Amino acid sequence: MAQRPGTPRLLRQINDRAALELLITRGPLTRAELGELTGLSKVTSGQLLSRLETRGLVTAAGERPGGRGPNAALYGVNPSSAYVAGLEVLPDSVTAAVADITGTVIAQVTVDPSEAGDPVRVVHEAVQRACGTAGIELARLRCFVIGTRGVVDPATGDVRYSVDLPSWHVGILAGLRTLLGECVIIENDVNLAALAEQAYGAARGADDFAILWTGVGQGLGVMLGGRLHRGITGGAGEIGWLPVPGEPLPSQVTAPQTGSFQRLVGGEALWNLARAHGVTTGDLESRDVAGLVRAAVAAGNEGFVDSLAGRLAVGVAAVSVVLDPGLVVLSGDVGRAGGRLLARRVEEAVARVCPSRPTVAATGVDGNPVLMGAIVAALDRAREEVFSDTV
């Protein structure tokens, strides 16, 4: 591949991109601070800031008190220079959030998918409402990332298989791009939760880890070398189908809730486990596995927690002996409800059966991890586009 020569234009683009990334990650900076962090002279960093300010990408953000001299002007990325949308699609709700280029969420709405009918109209309606709440035009959104349950084909970007969302099928992505533009991406929900965990949670800064999503359904997100591992068909992470000794293999893979690991740790299995250990569940609904686990932890029911940890350890050990990620994060309804106690017990149980002995941590993401991961992915695309076109 031919190398691009170090022309002044290219060097300015490189410096601009580095400066914008620093302003995003380090907050408002003075000209001198930016020069020190980038290695540029005060004159060059001043010219850079002037150029970015003219393009509307950087704006004044106050002053920093000086010593004996005048206060130094602070500069930050202009929040209104670009916007993105992240969405989480569930069978009974669609939640859309709009964030500015700094990552600040400025609006979030939830709509009933039955109100609009087909998925394209549902998403369009949700995004329009979010933009209305945010007070911006839909045309100002640079990228849309949608998190869904099921398998997303990495070659086409379409949902290839989803039991919970049968109306999400091949052709939906094309319809969305016709309405919203080319930068519409559909991604598996647990993969997006992994991005949120890396950006804000227990895997912050980690390049290699796995996230085990446990609840009514089970999923796995795998980050290797700082990149999501989706598999050839997008099926990497469908851990509910993991064969487990003592549990029957599914006779028909299109039938939901029949995978061996799903049978071991799914909702029905947890309710049976709770009854066996005398967990008082009160008037909890049958799908409220989070409430079930919280009740057991709050009551100090060691038998239930240890038994649940042993079952989850089967999945964690299987992932660890194959991938050796070093860190496995427990997320989803069960992982969040079990917290550090459950994570610690799973780590101890895995250490007894797995030679690689990974660290097991509870999720550190506050709020909706799928929605936050969708915003992270959308921001990554938008910043690549906006920050690479400064000259």
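As the structure is a prediction and not an experimental result, all values here were calculated from the model. Computed over heavy atoms, backbone and side chain alike; hydrogens, waters and symmetry mates excluded.
In this structure, Leu312 and Leu342 have side chains that are in contact, with non-hydrogen atoms separated by less than 4.5 Å. The side-chain heavy atoms of Leu330 and Arg336, taken from C-beta on, include no pair separated by under 4.5 Å. Two residues are said to be in side-chain contact when any heavy atoms from C-beta on lie closer than 4.5 Å; Leu49 and Leu34 meet this criterion.
A side-chain donor from one of Glu197 and Thr363 sits under 3.5 Å from a side-chain acceptor of the other. Side chains of Arg17 and Ser388: a donor on one and an acceptor on the other come within 3.5 Å. Looking only at atom types and distance, the side chain of Thr95 has a donor-acceptor partner in the side chain of Thr110 under 3.5 Å away. Looking at Asp164 and Ser162, their side chains never bring a donor and an acceptor atom within 3.5 Å of each other. In the model, Asn15 has no side-chain atom that pairs as donor or acceptor with a side-chain atom of Arg12 under 3.5 Å.
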Before giving the answer on salt bridge (Lys or Arg N to Asp or Glu O under 4.0 Å), spell out for Glu125 and Arg121 the whole-Å C-alpha distance, their side-chain angles and the decisive distance to 0.1 Å. CA-CA 6 Å; Glu125 174 67 19; Arg121 290 179 59 195; over 6 Å; no

Original post:
Can you list the steps and then say if Asp158 with Val152 is a side chain to side chain contact (heavy atoms under 4.5 Å, CB included)?
Top reply: CA-CA 6 Å; Asp158 271 306; Val152 178; over 6 Å; no

- Take Asp333 and Thr214, measure what side chain to side chain contact (heavy atoms under 4.5 Å, CB included) needs, and give me the verdict at the end. CA-CA 6 Å; Asp333 291 338; Thr214 56; over 6 Å; no

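Taken together through direct or relayed side-chain contacts under 4.5 Å among Ile, Leu, Val, Met, Phe, Trp and Tyr, Val244 and Val353 form parts of separate hydrophobic clusters.
Glu21 has no carboxylate O lying under 4.0 Å from a charged side-chain N of Arg383, or vice versa, which leaves the two without a salt bridge. Looking at Arg26 and Glu33, no side-chain N of the basic residue comes within less than 4.0 Å of a carboxylate O on the acidic one, giving no salt bridge.
Glu36 meets the side chain to side chain contact (heavy atoms under 4.5 Å, CB included) test with no other residue; sequence neighbours excluded.
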